[in-house]
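Working notes, beginning with the structure itself.
The basis for the numbers below is simple: all heavy atoms, side chains too, and nothing from hydrogens, waters or symmetry mates.
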Amino acid sequence: MSVANKGLSYVCDSQPFVEAENISRCQTDECTDESTSTEHQVGLRSRKPQFSGPCSFFVSLVGYSMGTSDFWRFPYLVFRNGGGAFLLPFLFFMLICGLPLMFLEVSTSQFSGRGPMAMWNMAPFFKGIGYTLLAINIVNNVYYNVLRAWILEYFVQTFKSELPWASCGHSWNQDGCIPSNGRFNNATIQQTANGSQMTSAEQFWQYNVLQLSPGLGHIDGILWNFVLYVFIWRTLVAICMVKGIKSIEKVMYVTVFLPIILMLGIWARALMLKGSVQGMLYYITPTFDRITDIQVWIEAAMMATYTLGPGWGTIPMIASENSFHGNTIKYSILATLCDFLSAVFNGLICFSILGVMAHDSGLDLENTVTSGLSLGFTVYPTAFTYFPLPQLWSAIFFINLIFVGLDAQVLSTQTLMNCLQDLCPTWFVGKRRLILVVLINILAFLVSIPFCTRGGMYIFQLLDWYAAAWTLLFVCLVECIVFSWVYGSSRISRDLEIMLGRPMPVILRVLGSFVTPTAMLILLCISFSRYRPPTYGQYVYPAWAEALGWSLAFAIISPIVIVFFVRLAQADGSIIQKLKSFNVPSDIWGPSDKNAAEKYDNDEASPTLISTFRFNAVGKRTKTQSLENNQEMSEQKKFIRT
């Protein structure tokens with residue numbers, strides 16, 4: 001963040017974002033009287049937005065949501081789950097799970113001006129969520145580096161006179177290699193699937209890029225080209241973060257709009273070739289009998305939650321830098337819509353490309369689609385060999401992935417920085433912030449080296465299996481409960497009236513209070529009931545690796561439980577009194593806008609469970625709350641109009 005560049009200095013204590021003038025007054029014992037103490041609390045709450053305008057904020061929000069999963073995970077799920085029929089449950093869960101979570105994260109962070117660590121002052125018993133988000137971003141900044149390194153490797157290979165994955169006869173090719181740019185029939189593909197034969201693109205991926213060792217216990221040497229790529233990648237991330245949000249927002253304009261232009265170019269070229277229309281028709285044609293399959297709905301819900309990005313801490317980081325009066329309702333709806341359209345559009349482009357390959361190779365299109373990373377690193381590269389000037393279109397595609405990955409990695413690293421700044425603000429004063437940017441990226445580079453080995457894919461998959469899927473669902477569930485039931489929808493509605501002059505929309509209140517947490521709980525239970533140990537091809541992870549994965553998953557979410565019980569033990573009074581205080585916000589919680597903070601009352605009686613349920617269900621406060629709220633809101637509306 002660039003707060004330090006504005007001439008502010010901070011102290012490393014439990015109250016971040018304390019301006020120097022407020023500190024000096026307290027250090028000279030000028031905070032003893034009530035009026036000065038009130039000014040000090042306002043200073044603790046207030047902060048200046050860092051985004052230059054609402055457009056920069058919205059572009060960053062959309063850029064974060066439009067990730068690489070839209071390019072290979074989503075098209076495969078659409079294909080496997082009934083074509084166009086999959087879009088209906090996907091849109092349904094985007095609206096009932098993704099949208100409410102995004103709205104709640106954006107609204108509370110923008111209101112308080114606090115990121116993923118400090119925003120939980122709204123419910124101090126649940127401050128452990130901030131530490132969990134810190135752990136998630138640490139893991140994310142480690143193991144995702146090697147994925148970007150693989151993309152850089154493919155990009156470099158596109159500059160050769162012949163694409164190395166297009167043919168056999170290379171040093172890495174083994175018996176049973178089938179040229180990816182040749183004509184082969186479905187029987188041959190069936191043999192390939194059974195392991196007796198492999199396409200040259202698959203062999204390039206397995207034997208030249210990954211150079212897989214026998215298993216997780218065999219690291220078998222460092223691949224130095226990937227070490228170089230990870231170093232280059234972390235250098236790019238550090239450069240993008242030099243001036244905090246001010247430099248990141250400029251990067252976002254490039255990394256969001258350029259990939260759209262590049263993919264439009266690829267799509268336009270594909271439409272000029274035979275087979276592209278058939279591929280798109282295959283993609284959008286619905287198979288409605290799959291709608292009744294529960295697996296389709298589960299995968300749609302998982303994809304909707306994963307692609308939009310709640311539960312990672314990055315959305316609160318972005319929102320905390322926005323203007324206090326930004327329309328969070330409009331931003332959340334538009335960002336959700338843009339992410340949905342992006343996923344659908346990328347799927348359309350994907351199948352137009354695959355349609356060209358299916359037409360020219362003589363394959364049935366259903367035999368060209370594979371899941372996950374294989375779609376990105378074998379199917380796409382193979383498809384471009386059927387384009388005129390395949391090197392050009394392959395390079396454009398991987399440039400696109402580089403930019404899409406760059407904005408996500410920069411924002412994730414900034415989220416990590418934001419969490420550390422909340423924990424110890426003095427580290428980020430003046431030039432110290434730049435030193436920390438360099439230091440964090442160096443550490444991320446060094447810790448990523450084990451992934452740059454012949455056993456790196458096994459480590460990558462292990463972390464992705466346990467550190468992403470399970471923790472994401474659990475964090476989203478806990479967040480939803482804290483927002484709607486601990487802090488309470490009534491308080492969020494009051495905060496919205498302070499920011500926007502209007503209460504929380506009924507549909508978002510009902511979804512966030514009842515539908516979304518219920519859906520997340522069901523998803524979490526189903527995911528556990530259908531758990532299968534991780535595998536990679538024919539390799540089955542050993543029991544010790546599975547235990548290590550579960551240990552990592554529980555270690556990531558453990559701060560939520562630990563902090564809750566520590567706070568409970570430290571609270572005064574009986575157990576009943578302690579439990580009654582669990583929904584009391586911190587003294588420094590409040591609006592980040594200075595004028596709003598001066599009129600903000602953080603001492604009102606905490607709502608009971610019954611009153612919270614009443615408001616969540618029908619939107620009605622108790623008479624006392626309504627009288628106090630109406631008086632406060634009338635003053636805030638006058639201020640907003642002014």
Side-chain angles (χ1 to χ4, degrees), residues 67-73 75-76 139-160 163-166 170 172 180 198-213 216 219-237 255 259 350 370-385 391 393-410 412 444-445 447-465 467-468 534 536-537 539:
T68 52
S69 61
D70 291 349
F71 291 90
W72 46 52
R73 179 65 178 167
Y76 171 70
V139 174
N140 183 44
N141 273 279
V142 172
Y143 84 100
Y144 256 78
N145 292 323
V146 72
L147 175 61
R148 318 306 182 190
W150 296 333
I151 295 173
L152 286 172
E153 169 68 12
Y154 271 83
F155 175 68
V156 170
Q157 296 293 336
T158 61
F159 290 95
K160 294 188 175 180
L163 293 176
W165 55 79
H170 301 281
W172 61 80
S180 293
M198 297 175 67
T199 64
S200 56
E202 185 71 13
Q203 288 201 356
F204 176 80
W205 167 241
Q206 298 285 356
Y207 304 136
N208 184 62
V209 176
L210 298 180
Q211 300 183 37
L212 281 174
S213 66
L216 189 60
I219 300 300
D220 291 352
I222 297 174
L223 303 176
W224 292 105
N225 56 327
F226 291 141
V227 175
L228 175 61
Y229 293 147
V230 171
F231 178 80
I232 294 172
W233 182 258
R234 295 311 308 192
T235 302
L236 288 174
V237 172
T255 58
C350 171
T370 57
S371 63
L373 294 178
S374 294
L375 183 60
F377 291 119
T378 62
V379 178
Y380 272 121
T382 299
F384 287 123
T385 63
Q391 290 89 343
W393 299 107
S394 297
I396 291 175
F397 173 72
F398 286 109
I399 288 175
N400 179 70
L401 292 185
I402 289 171
F403 279 113
V404 170
L406 183 61
D407 60 13
Q409 196 75 64
V410 168
S412 177
F445 161 69
V447 181
S448 299
I449 291 179
F451 295 85
C452 301
T453 62
R454 289 180 171 84
M457 170 55 86
Y458 302 117
I459 307 175
F460 174 88
Q461 175 127 329
L462 185 68
L463 265 66
D464 193 55
W465 195 275
Y536 184 80
Y539 177 74

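Note: F397 CZ to C350 SG = 8.0 Å, rounded to the nearest 0.5 Å. Atoms CH2 and CZ, on W150 and F226 in that order, are 7.5 Å from each other to the nearest 0.5 Å. Here the straight-line distance linking atom CG of N140 with atom CG of D464 works out to 9.5 Å at 0.5 Å rounding. To the nearest 0.5 Å, the span separating CD1 on I459 from OG1 on T453 amounts to 5.0 Å. Taking CZ from F155 and OH from Y229, the interatomic distance works out to 10.5 Å, rounded to the nearest 0.5 Å.
Taking F71 as the reference, nothing meets the ring-ring contact (aromatic ring centres under 6.0 Å, His included) condition, with sequence neighbours excluded. Residues that satisfy the ring-ring contact (aromatic ring centres under 6.0 Å, His included) test with Y207, not counting sequence neighbours, are absent from this structure. Residues satisfying the ring-ring contact (aromatic ring centres under 6.0 Å, His included) test with F231, not counting sequence neighbours, are F445.
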Practice prompt. Show the numbers, then the answer: is there a ring pair (Phe, Tyr, Trp, His ring centres under 6.0 Å) between Y154 and F204?
Written response: CA-CA 10 Å; Y154 271 83; F204 176 80; 5.3 Å; yes

Worksheet item: After noting the C-alpha distance and the side-chain angles of N208 and Q203, does the key distance pass the side-chain contact (heavy atoms from CB on, under 4.5 Å) rule?
Response: CA-CA 7 Å; N208 184 62; Q203 288 201 356; over 6 Å; no

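At least one side-chain heavy atom of F460 sits less than 4.5 Å from a side-chain heavy atom of L147. No side-chain heavy atom of T378 sits less than 4.5 Å from a side-chain heavy atom of T199.
With hydrogens and angles ignored, the 3.5 Å screen pairs no side-chain donor or acceptor of T255 with any backbone N or O of V404. Y458 places no side-chain N or O within donor-acceptor distance of the main-chain N or O of Y536, the cut-off being under 3.5 Å.
Side chains of Q409 and N141: a donor on one and an acceptor on the other come within 3.5 Å.
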